Amino acid sequence: MTPPTPSDRNAVLDTARALKMARSAHAYVRGNTVKFYEWLAASPVSARIPVGPSIWICGDCHLGNLGPLSDGEGDVEVQIRDLDQTVIGNPAHDLIRLGLSLATAARGSDLPGVATARMIEEMVDGYGDALARRNANDADADADADADADADAEPDVVRMVKRRAMGRRWRHLAEERINGTDPRIPLGRKFWAIDDDERAALTALIADPDIKRQILSLNPDSHDCDVRLVDAAYWMKGCSSLGLLRYAVLLSIKGAKGRSDYALVDLKEAVAPVAPVADGAQMPADEGQRVVAGARALSPHLGGRMIAATLLARSMFIRELAPQDLKLEVEQFSHSQAVRAARYLACVVGKAHARQMDDVQRREWRSALRDHGDLAIDAPSWLWQSVVDLAASHEAGYLDHCRHYALGAAA
C-alpha cells in the first residue's frame with residue numbers, strides 16, 4: 001500500500017473505519033461508542049438504570065479496552081487500557097458496555113443465549129466481589145470471603161496473554177510496531193508520512209523543557225539523560241479514533257556515558273467525550289488533561305505513564321508504549337472461558353471503580369447491584385434488559401452498516 005499524503009488521510013481513514021466495523025458485530029460494537037449511548041438513552045430500560053457514585057469511569061469499557069499494562073518498574077497487571085472516553089459519570093454505564101461487549105463476543109463464538117445469561121451473572125458477582133474487598137470492615141465481605149476467594153482468578157485466556165506480556169522486551173515491541181530495532185519508523189500500511197509543519201511541531205514539543213522533563217520522569221533512571229526525536233509518522237491505529245491526529249514518535253534517550261536507548265511514544269488527539277457526565281462533575285477543561293486524570297484514577301499503571309500536551313493547537317496526550325502493554329484479543333470463546341472471563345474482567349473494572357469510593361458508597365452500590373428485580377437469572381433486571389435491548393439494536397445497526405459498506409464498495 002502506498003501511504004496517503006496528509007491531504008488524503010481522511011478519505012482513507014473513513015474507508016478503513018467502515019471496513020473494520022463491517023468485519024463482525026463485535027467489531028461494530030467496539031467501534032461505535034456514539035451509537036451505544038444514543039441507543040441506551042432511547043431504550044425504555046434507561047429510566048431504570050441506577051445512578052451509582054459519581055466517579056471516573058472508562059466510558060468505553062469493552063473487551064478490547066482491557067489488558068496487561070506495565071507500571072514501568074516490572075509489575076504487570078490487567079487494567080483498563082484505553083481512556084479516551086473517560087468521564088466522571090455513572091459506573092453502571094461501564095457495566096452495561098462491558099456486558100454488551102461480552103454478549104456480542106459470545107454470539108460471535110456461536111455460544112447459546114444461556115451462556116450470555118451466565119456471563120452476566122458472573123459479571124455481577126465479580127464486580128460485587130471487588131467492591132466488597134475494598135472494605136475490610138464490611139460484615140458482608142467477611143461472610144462472603146470463602147465464596148469470593150476465586151473472584152479474580154485469571155482465566156486461561158487472560159493468563160496466557162499476561163504471561164506473554166511479562167516476557168516481552170524492547171526488541172519485541174520494536175519488531176511488532178516498527179518491523180525491527182533500527183532507529184526509524186517504516187512507512188507503509190500503518191505508518192504514513194507527515195508534512196513539514198507536523199514534523200516541526202513534534203520536534204518542538206519534544207524539545208520543550210517541561211515535556212522533556214515529564215518524559216524523563218516516566219523512567220526513574222533517566223533524569224540526567226537527553227531526549228531527542230529520531231523519527232515520527234502518522235499512525236493509522238484503532239477504530240473509533242480513526243480520523244483524529246495520532247502519531248508514533250521514536251525517541252533517543254542518551255545518558256551521560258553516551259549510550260542511547262530508544263522509546264516509542266504514542267501521541268493521540270483528545271476530543272470531547274460522548275459518555276454522559278454526572279451532574280455537577282468537575283473535570284479538567286482541557287481534553288488531554290481529562291484523559292490523563294481519568295487514567296490515573298482508573299488505571300494507575302497506565303496513568304503514571306501519560307502526559308497531557310498541546311500540538312498544532314490540538315489537545316493531545318502522550319503515552320510511552322511499554323513492551324508489556326497488550327490487548328486482550330479473543331477470537332473464539334468456549335462456554336467455560338466466556339463465563340470465567342466475564343467474572344474476572346468485571347472484577348478488574350470493579351477494582352478500578354472501588355478505589356475511588358468510600359466505604360459507604362461501596363456498600364450502597366453493591367447493595368443496589370443485588371436488587372435483581374423479578375428476573376429468573378441472578379443479575380439486576382436493568383443490566384440484563386439493557387444488554388438484551390442494546391444487543392438487538394447493535395445487531396440491526398451492524399447489518400445496516402454492512403449493507404451501506406457493501407454498496408459503497410461496489411460503487
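Basis for what follows: all heavy atoms, side chains included, without hydrogens, waters or symmetry-related copies. Nothing fancy with the numbering, it's 1 onward along the sequence. These numbers come from a predicted model, not from an experiment.
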Inset, instruction - Keeping the roles fixed (side chain from Glu269, backbone from Leu245), state whether a donor-acceptor pair exists under 3.5 Å. - result: yes

Inset, instruction - Could you tell me the separation between the OH atom of Tyr37 and the NZ atom of Lys35, rounded to the nearest 0.5 Å? - result: 15.5 Å

Inset, instruction - May I ask you to decide if Ala22's main-chain N or O and Tyr398's side chain share a donor-acceptor pair within less than 3.5 Å? - result: yes

Inset, instruction - Could you tell me whether a side-chain N or O of Arg290 sits under 3.5 Å from a main-chain N or O of Pro284, the two making a donor and an acceptor? - result: no

Inset, instruction - Kindly say whether Ile185 contributes a backbone atom to a donor-acceptor pair with the side chain of Asp231 at under 3.5 angstrom? - result: yes

Inset, instruction - Rounded to the nearest 0.5 Å, what's the gap from CG on Leu69 to CZ on Arg81? Could you check? - result: 6.5 Å

Inset, instruction - Under the salt bridge (charged side-chain N to carboxylate O under 4.0 Å, His left out) rule, what do Arg305 and Glu320 come out as? Steps first, then yes or no, please. - result: CA-CA 6 Å; Arg305 296 190 281 117; Glu320 181 182 355; over 6 Å; no

Legend entry - Close side-chain approach of Leu390 to Val29, heavy-atom, < 4.5 Å: no

Inset, instruction - Ignoring hydrogens and angles, tell me if any N or O in the side chain of Ser43 forms a donor-acceptor pair with the backbone of Trp39 under 3.5 Å. - result: no

Inset, instruction - Evaluate the criterion side-chain contact (heavy atoms from CB on, under 4.5 Å) for residue pair Asn90 and Ile57; output intermediate values, then yes/no. - result: CA-CA 7 Å; Asn90 185 358; Ile57 65 170; 5.7 Å; no

Legend entry - Flag if over 12 foreign heavy atoms under 6.0 Å of CG, Asp210: yes

Inset, instruction - Grab the two heavy atoms, one from Ala130 and one from Cys347, that are nearest each other, plus how far apart they are. - result: CB-O, 3.6 Å

Inset, instruction - Could you tell me whether a side-chain N or O of Gln79 sits under 3.5 Å from a main-chain N or O of Leu298, the two making a donor and an acceptor? - result: no

Inset, instruction - Apply side-chain contact (heavy atoms from CB on, under 4.5 Å) to the pair Val277 and Met283, showing each step before the final yes or no. - result: CA-CA 9 Å; Val277 178; Met283 300 189 302; 3.8 Å; yes

Inset, instruction - Rounded to the nearest 0.5 Å, what's the gap from CG on Asp125 to CG on Asp129? Could you check? - result: 6.0 Å

Inset, instruction - Considering only NZ, NE, NH1 and NH2 on the basic side and carboxylate oxygens on the acidic side, decide whether Asp226 and Lys212 come within less than 4.0 Å. - result: yes

Inset, instruction - On the 0 to 90° scale, with breaks at 30° and 60°, tag the Phe36-His394 ring pair as parallel, tilted or perpendicular. - result: tilted

Inset, instruction - Give the minimum heavy-atom separation between Ala297 and Arg355, together with the two atoms involved. - result: O-CD, 3.4 Å

Inset, instruction - Begin with the C-alpha distance, continue with both residues' side-chain angles, and end with the deciding distance and a verdict on side-chain contact (heavy atoms from CB on, under 4.5 Å) for Tyr262 and Ile253. - result: CA-CA 6 Å; Tyr262 295 97; Ile253 303 177; over 6 Å; no

Inset, instruction - Using the side-chain contact (heavy atoms from CB on, under 4.5 Å) rule, take Met119 and Glu122 through it: C-alpha gap first, then chi angles, then the decisive distance, then the call. - result: CA-CA 5 Å; Met119 289 167 73; Glu122 291 296 319; 5.8 Å; no

Legend entry - Any side-chain heavy-atom pair of Thr116 and Val388 under 4.5 Å: no

Legend entry - Arg366 side chain vs Leu131 backbone, donor-acceptor pair below 3.5 Å: no

Inset, instruction - Grab the two heavy atoms, one from Ala92 and one from Ile49, that are nearest each other, plus how far apart they are. - result: CB-CG2, 3.7 Å

Inset, instruction - Keeping the roles fixed (side chain from Asp94, backbone from Gly59), state whether a donor-acceptor pair exists under 3.5 Å. - result: yes

Inset, instruction - Please tell me if the side chains of Ile96 and Leu40 come closer than 4.5 Å, counting only heavy atoms from C-beta onward. - result: yes

Inset, instruction - Go through the structure and list residues passing ring-ring contact (aromatic ring centres under 6.0 Å, His included) with His353, not counting sequence neighbours. - result: Tyr127

Legend entry - Distance (rounded to the nearest 0.5 Å) between Asp359 CG and Glu364 CD: 11.0 Å

Legend entry - Shortest non-hydrogen contact from His301 toward Asp75: NE2-OD2, 3.1 Å

Legend entry - Working for salt bridge (charged side-chain N to carboxylate O under 4.0 Å, His left out), residues Asp82 and Lys268: CA-CA 11 Å; Asp82 191 316; Lys268 190 174 182 182; 3.8 Å; yes

Inset, instruction - Measure the NE2-CD distance between His93 and Gln85 for me, rounded to the nearest 0.5 Å. - result: 12.5 Å

Legend entry - Short side-chain to backbone donor-acceptor contact, Gln361 and Asp358, under 3.5 Å: yes

Legend entry - Over-ring placement of Arg246 relative to Tyr234, 6.0 Å and 45° cut-offs: no

Inset, instruction - Please say whether more than 12 non-hydrogen atoms of neighbouring residues, nucleotides or ligands are located less than 6.0 Å from CZ in Arg340. - result: yes

Legend entry - Spacing of CZ belonging to Arg296 relative to CE belonging to Met306, to within rounding of 0.5 Å: 8.5 Å

Inset, instruction - May I ask you to decide if Gln337's main-chain N or O and Ser334's side chain share a donor-acceptor pair within less than 3.5 Å? - result: yes

